[in-house]
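Below is one structure, written out as structure tokens, with a few remarks after it.
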Amino acid sequence: MTKPRPPNALEKMGLNSPIALALHLPSRYEDETALYTIEDALIKGSFSAVQTQGRVIRSQVLFRPRRQLVITIEDDTALLQLRFLNFYPSQQKQMAVGAHVRVRGEVRDGYSGPEMVHPTVKAVAPDAPLPASLTPVYPASEGVTQTVIRKAVQQALRSADIKQFLAELIPAPVTADLLPQGEWMPLHDAIHYLHNPPADADTAALMERTHPAWRRVQFEELLAQQLSLKQAHALRRQRNAPRLHGDPPTQGQQSIEQGLLAALPFELTGAQKRVWAQIESDLSRAFPMNRLLQGDVGSGKTIVAALAAARAIDHGYQAAVMAPTEILAEQHFIKMQEWFGPLGVEIVWLSGSLKAKEKKAAHAAIESGAAQLIIGTHALIQESVSFAKLGLAVIDEQHRFGVRQRLEISQRIGSELFYCHQLMMSATPIPRTLAMTYYADLDVAVVDELPPGRKPITTKVVKHSRRDEVINGLQDWLSKGLQAYWVCPLIEESDALQLQTAVESYAQLEQHLPQFKIGLVHGRLKAEEKAAVMAAFKANQIQLLVATTVIEVGVDVPNAALMVIEHAERFGYAQIHQLRGRVGRGTADSVCILMYAEPLSAAAKERLQTLREVSDGFVIAERDLSLRGPGELLGAKQSGDTMLRFVDLQRDAWLIDLAQQAAERLLANHPAVVDQQLERWLGSRADFLKA
Ligand code: ADP
Ligand code: MG
């Protein structure tokens, strides 16, 4: 048997078929269709790259201070220097005195007159013809030159497969009134145009990806995504889930739900009542709920989830509540015990850190159905856990789970025959563009009102050099009987370093504030240790809690209304917003102090300013999206799979509406095209879209 040939460099980049190559679209273009005299190039070239040519009249290797190659070329009009900070002997040979070269680059003022640094160089005859089209520059990886990619792409475009692959699938009436007449290019033409744009093409539009050829490709991609999401939507409606309607199951007896409501120390806000009504209606249907409950930090999502859990338990089903971190899951466990314990509900805790014996007991209770309400981390979805009768899964801070984990969750809790209802919760609002593309099969409800009596949080931005002042202020604060958080800097590269900094800050604060009890929590503590510290903080036995970002989500101590964040410049928008949401939960005026160290990057400065001025989580999420792109927001980074290759949700937002309309028309009038379209664009990626 012959061994399979090892993949070549192109194949390693995933460019293993004519189709993959045809869809490997340029990242930018170079204009080599124009040639300037050196004199003209000196003027034009200070704005953008230009092409010129001349004869080499001098070649020098200089040491100033690094070894570099300096070439001087001339034509009839002027002289130009070329500077290479790294160079090979082959380049010296190519640009030997007397050689004729064509060069392309930007012109800048150097030590000794105008020069190009690292221009692209070709040794050609003075009358060598110019290309007729703009030169595409492709995303490449090490060991693959542009020449190799260009050749492979051009060859792929000529293959028979491609003609068929790019055949127009969308019937004209579907899009006729969507895009302006001249804006619509057949897919085949668009792809060819992008690989071979003519010399007179609108280069700016090509570069910015707003050209009709790009639009067409973007439209295709969005359309495929909309179709896939709509299919998932239709599929969900064909599945079976328990109908959990609102009538009390046993006449005359108080239901868990009623008991829960009656014992609540507060009245639900208008927003909570509204979203609960929406969820109630979902739960009463015979197909699985797939709802995202959004609400800013502190808006009171937990009680809504508890009501849904009560509904499931009242109907004899189990409810599971899952959170992305142990600390957050524990918070839920404590809260749920407080609410459901007195009502006689059997609550079970399950996390990865349980001892084997405890885990076994938990598994047994879940399997036998004795456990009615199960709370934990993603240990809940492990293979070894089998639910007797799961009716509802609540997933808190769902965006903190990766795409893969979310996929696992939906696969675990659904089977061919029976699906449970899913309620996801998130304090990071999903901007509309994202909701429409990635979450079209998700019903969204928003808790857009905070419980009464909340005071807005005042955010202050303070230089690190004023740390002592901050500590003095902290002392005054604690003296009033209030509590506070001290959040230690995020050190992404090193868990150990982050821990060390936290321990140092803790020691320092203990020294400065000896009259107060100070606690420390970080990721390396055992679950019981963490729980003990948190419980002490909650009971006000600890006044100041020094913490790493482990407290980012969900922690709820109303008497702690001051938060100091050290090195706030290292945190992202969402992180600070989440952290800050830990305060402002009681009736005291709340303060968040963002301490930063200089130098501050422009981006960090803008971030801190925005955070000082804006408290609306939606606004912050939009800024976050424009800064980081959807991948990180969705957790798609972990999946290593970007789902939209050609679309930028900011730039192309307006196309989403059009794609959605086209998708609806296709589904209604051309169902056969739908499958072809999906196959063409998504293939194996479709699963990710449903997660
Ligand atoms: P989040 O939406 O961030 O998860 P929580 O559910 O933790 O918020 O609620 C934050 C705090 O507000 C909790 O202490 C909770 O008990 C309280 N709370 C929730 N709803 C109300 C309400 N309607 N009135 C007063 N307090 C409420
Ligand atoms: Mg919460």
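Just so you know, ligand 1 is whichever comes first in the structure, and atom 1 is the first atom listed for that ligand. These values consider heavy atoms only, across backbone and side chains, with no hydrogens, waters or symmetry-generated copies. Keep in mind that what you see is a predicted model, and the values were worked out from it rather than measured. For the single chain, residues carry numbers from 1 onward in sequence order.
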- Query: If you count the atoms of ligand 1 from 1 in the order shown, which ones are under 4.0 Å from a heavy atom of Thr302?
  - Reply: 4 (O), 5 (P), 6 (O), 7 (O)
- Query: Short list, please: which atoms of ligand 1 are under 4.0 Å from a heavy atom of Thr269?
  - Reply: 23 (N)
- Query: With a 4.0 Å cut-off on heavy atoms, is Gln331 touching ligand 1?
  - Reply: no
- Item | Region of Val447 that comes within reach of ligand 1 [heavy atoms, distance under 4.0 Å] | neither
- Quick one: does ligand 1 sit under 4.0 Å from the side chain of Met425, the backbone, both or neither, non-hydrogen atoms only? neither
- Task: Assess whether salt bridge (charged side-chain N to carboxylate O under 4.0 Å, His left out) is satisfied between Asp443 and Arg236, documenting all intermediate values.
- Result: CA-CA 12 Å; Asp443 300 310; Arg236 175 157 63 92; 3.6 Å; yes
- Minimum non-hydrogen distance to atom 15 (C) of ligand 1, winning option of Gln578, Lys335, Lys301: Lys335
- Message: Tell me whether Gly300 has any N or O atom under 3.5 angstrom from an N or O of ligand 1.
- Response: yes
- Query: If you measure from each heavy atom of Ser299 to ligand 1, is any distance below 4.0 Å?
  - Reply: yes
- Task: Pull out every atom of ligand 1 sitting under 4.0 Å from any heavy atom of Glu267, numbered as shown with elements.
- Result: 22 (C), 23 (N), 24 (N)
- Distance only, no hydrogens: is a donor on one side chain within 3.5 Å (strictly under) of an acceptor on the other, for Asn290 and His233? no
- Item | Sub-4.5 Å side-chain heavy-atom contact between Ser353 and Lys526 | no
- contact_flag Gly298 ligand 1 heavy-atom lt 4.0 Å: yes
- Task: Would you check if there is a donor-acceptor pair between the side chains of Thr269 and Gln272 at a distance under 3.5 Å?
- Result: yes
- Going by atom types only, do Ser505 and Glu566 share a side-chain donor-acceptor pair under 3.5 Å? yes
- Query: Atoms of ligand 1 less than 4.0 Å from Leu268 heavy atoms?
  - Reply: 23 (N)
- Item | Test item: Gln318 side-chain N/O and Leu392 main-chain N/O as donor-acceptor pair under 3.5 Å | no
- Task: Indicate the ring-plane relationship of His567 and His464, choosing parallel, tilted or perpendicular according to the 30° and 60° boundaries.
- Result: parallel
- Task: May I ask you to check whether Glu330 and His332 show a side-chain donor-acceptor distance below 3.5 Å?
- Result: no
